[in-house]
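This report refers to the structure that appears directly beneath it.
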Amino acid sequence: MSASPILITGGAQRLGRHCAERLRDDGHPVIITYRRERPALEALRGRGVITLQADFETEAGIIDFIARLKAKTPSLRAIVHNASDWAPDSSGSEAGGNFERLFRVHMLAPYLINLQARVLLEACTEPHRDIVHMTDYVVQKGSKKHAAYAASKAGLDNLTLSFAAMYAPTIQVNAIAPAMIMLNEGDDEAYAAKVKAKSVMDMVPGPGVIYQSLRYLLDNRYVTGVTLPVDGGRHLR
């Protein structure tokens with residue numbers, strides 16, 4: 001019997017892509033979602049990753065994706081909710097729409113997928129079944145420029161507790177809360193130095209630490225309802 005795949009939402013770039021590639025290295029079947037076509041997708045497809053376009057900015061798009069997911073696979077080993085939108089706050093007429101979009105991407109999509117894909121997780125014959133929410137360090141302190149983003153990620157963090165209680169003991173539900181993990185193209189040395197100074201570890205570690213954290217949650221049978229901080233000790237500053 002073939003192994004059940006691991007679903008990663010927002011798996012076409014950065015942390016999601018790294019985790020998808022590492023999971024394939026470890027022999028796991030992988031399904032990712034993507035928002036728009038990009039060159040990296042062809043490389044992932046070449047490695048056997050199944051790619052599904054998904055629009056999580058609307059409820060109709062979320063429901064449509066769930067239907068196509070169920071048509072693609074009869075079971076799932078794990079769901080990693082990594083899809084995200086880093087949108088700054090606005091005081092203009094678009095502020096309400098921006099907040100609603102972030103709510104749908106960060107909270108409604110995971111909520112509906114967790115509910116509707118439970119049957120896929122329960123159909124997995126492997127001993128472990130997991131849901132992992134990718135939240136954010138900013139949940140603990142808020143944000144002056146990304147209040148809507150922080151609030152919606154905080155809601156996702158709380159959903160971790162609710163689903164962990166609902167789905168125990170057969171499905172483990174946890175979260176990973178990263179701080180700055182990797183730089184963007186174009187970030188200069190001055191910005192890198194500023195970012196490093198925010199944590200006692202004085203580094204920008206790269207995506208490998210997220211995969212290590214994900215691997216820990218996927219491999220550990222006695223952890224549920226927790227948020228694993230991956231922030232270099234920012235709270236110690």
Hey, mind stepping through R77 and D130 against side-chain contact (heavy atoms from CB on, under 4.5 Å) and telling me if it holds?
-> CA-CA 7 Å; R77 161 66 180 83; D130 292 272; 2.7 Å; yes
Check: F56 main-chain N/O paired with R104 side-chain donor or acceptor under 3.5 Å | no
Would a distance-only check, ignoring hydrogens and angles, find a side-chain to backbone donor-acceptor pair under 3.5 Å from D136 to V139?
-> no
Cluster overlap L69 with L115, hydrophobic side-chain contacts below 4.5 Å | yes
Short side-chain donor-acceptor distance under 3.5 Å, N114 and Y167 = no
Where M134 and P178 come nearest, the two heavy atoms and their spacing | CE-CG, 3.8 Å
Residues D26 and Y211: side-chain donor-acceptor under 3.5 angstrom | yes
Does atom CD of E94 have more than 12 heavy-atom neighbours from other groups under 6.0 Å away?
-> yes
Non-hydrogen side-chain atoms of V30 and P5 separated by less than 4.5 Å | no
Could you walk me through whether T227 and D157 pass the side chain to side chain donor-acceptor pair (under 3.5 Å) test, one step at a time?
-> CA-CA 7 Å; T227 296; D157 188 64; 2.5 Å; yes
Kindly give the heavy-atom pair with the smallest separation between L15 and P207, and that separation in Å.
-> CD2-CB, 3.7 Å
Say you draw a straight line from CG of D89 to OG of S143; how long is it, rounded to the nearest 0.5 Å?
-> 6.5 Å
CG of D187 to NZ of K194, rounded to nearest 0.5 Å, is 11.0 Å
Scan side-chain atoms only and decide if D219 and H128 contain a donor-acceptor pair under the 3.5 Å cut-off.
-> no
Locate the shortest heavy-atom distance separating M107 from L156; write the atom from each residue and the value.
-> CG-N, 3.9 Å
Going by distance alone, is a donor N or O of one side chain under 3.5 Å from an acceptor N or O of the other, for S199 and R234?
-> no
Contacts table for residues 61-68: side-chain donor-acceptor under 3.5 angstrom, sequence neighbours left out:
| unit_1 | atom_1 | unit_2 | atom_2 | d |
| --- | --- | --- | --- | --- |
| D64 | OD2 | R68 | NE | 2.9 |
| D64 | OD2 | R68 | NH2 | 3.2 |
| R68 | NH1 | Q53 | O | 3.1 |
| R68 | NH2 | Q53 | O | 2.6 |

Taking atom types as modelled, is there a side-chain donor on Y34 or R38 under 3.5 Å from an acceptor on the other?
-> no
Quick one: are L7 and T33 in side-chain contact, heavy atoms under 4.5 Å?
-> yes
If you group Ile, Leu, Val, Met, Phe, Trp and Tyr by side-chain heavy-atom gaps below 4.5 Å, do L214 and V223 land in one group?
-> yes
Closest heavy-atom pair and its distance - V195, M180 = CG1-CG, 3.1 Å
Look up atom CG in L159 and atom NE2 in H81, then write down how far apart they are to the nearest 0.5 Å.
-> 9.0 Å
So, does N174 use its side chain to make a donor-acceptor pair with the main chain of V132 at under 3.5 Å?
-> no
Report the C-alpha separation of R118 and I171 in whole Å, then their side-chain angles, then the decisive distance to 0.1 Å, and conclude whether the side-chain contact (heavy atoms from CB on, under 4.5 Å) test is met.
-> CA-CA 9 Å; R118 179 178 186 175; I171 300 170; 4.1 Å; yes
Is it possible for you to check whether R221 lies under 6.0 Å from the centre of the six-membered ring of Y216, through NZ or CZ, and within 45° of that ring's axis?
-> no
Drop me the distance from I50's CD1 to L44's CG, to the nearest 0.5 angstrom.
-> 12.0 Å
May I ask you to decide if A164's main-chain N or O and T224's side chain share a donor-acceptor pair within less than 3.5 Å?
-> no
Heavy-atom side-chain proximity of Q172 to I131 below 4.5 angstrom | no
Tell me whether L23 is reachable from V80 by hopping between hydrophobic residues (I, L, V, M, F, W, Y) whose side-chain heavy atoms are closer than 4.5 Å.
-> yes
State, to 0.1 Å, how close A83 and T9 come at their nearest heavy-atom pair, and which atoms those are.
-> N-OG1, 2.9 Å
Count the heavy atoms belonging to other residues, nucleotides or ligands that lie under 6.0 Å from CZ of R36, then report whether that count exceeds 12.
-> no
Run the side chain to side chain donor-acceptor pair (under 3.5 Å) check on N82 and R14 step by step: do they pass?
-> CA-CA 10 Å; N82 175 71; R14 296 178 64 79; over 6 Å; no
Taking every heavy atom of I176 against every heavy atom of L217, the minimum-distance pair comes out as CG1-CD1, 3.7 Å
Determine, stepwise, if the pair Q116 / K70 fulfils side-chain contact (heavy atoms from CB on, under 4.5 Å).
-> CA-CA 9 Å; Q116 296 298 320; K70 288 182 174 180; 3.7 Å; yes
Find out whether I113 and I79 are in side-chain contact, i.e. whether some heavy atom of one side chain is under 4.5 Å from a heavy atom of the other.
-> yes
Can you tell me how far the NE2 atom of H28 sits from the CG atom of L218, to the nearest 0.5 Å?
-> 7.0 Å
Would you call R45-E42 a salt bridge at under 4.0 Å N-O?
-> yes
Report whether I8 and M182 are members of the same hydrophobic cluster (ILVMFWY, side-chain heavy atoms less than 4.5 Å apart, transitive linking).
-> yes
Measure the shortest side-chain to side-chain distance between I31 and V49 over non-hydrogen atoms and say whether it is less than 4.5 angstrom.
-> no
Near M166 CE, under 6.0 Å, is it more than 12 heavy atoms from other residues, nucleotides or ligands?
-> yes
Side chains of H106 and Y149 in contact at under 4.5 Å (non-hydrogen atoms) | yes
May I ask you to test the V105-L102 pair for a side-chain heavy-atom distance under 4.5 Å?
-> no
Any chance you could lay out the side-chain contact (heavy atoms from CB on, under 4.5 Å) test for L76 and S4, step after step, and finish with the verdict?
-> CA-CA 5 Å; L76 287 173; S4 299; 5.5 Å; no
Contact check, side chains of K153 and H133, non-hydrogen atoms, under 4.5 Å = no
In Å, rounded to the nearest 0.5 Å, how long is the span from CZ of R35 to OG of S84?
-> 8.5 Å
Shared hydrophobic cluster, V138 / V209 (ILVMFWY, side-chain heavy atoms < 4.5 Å) | no
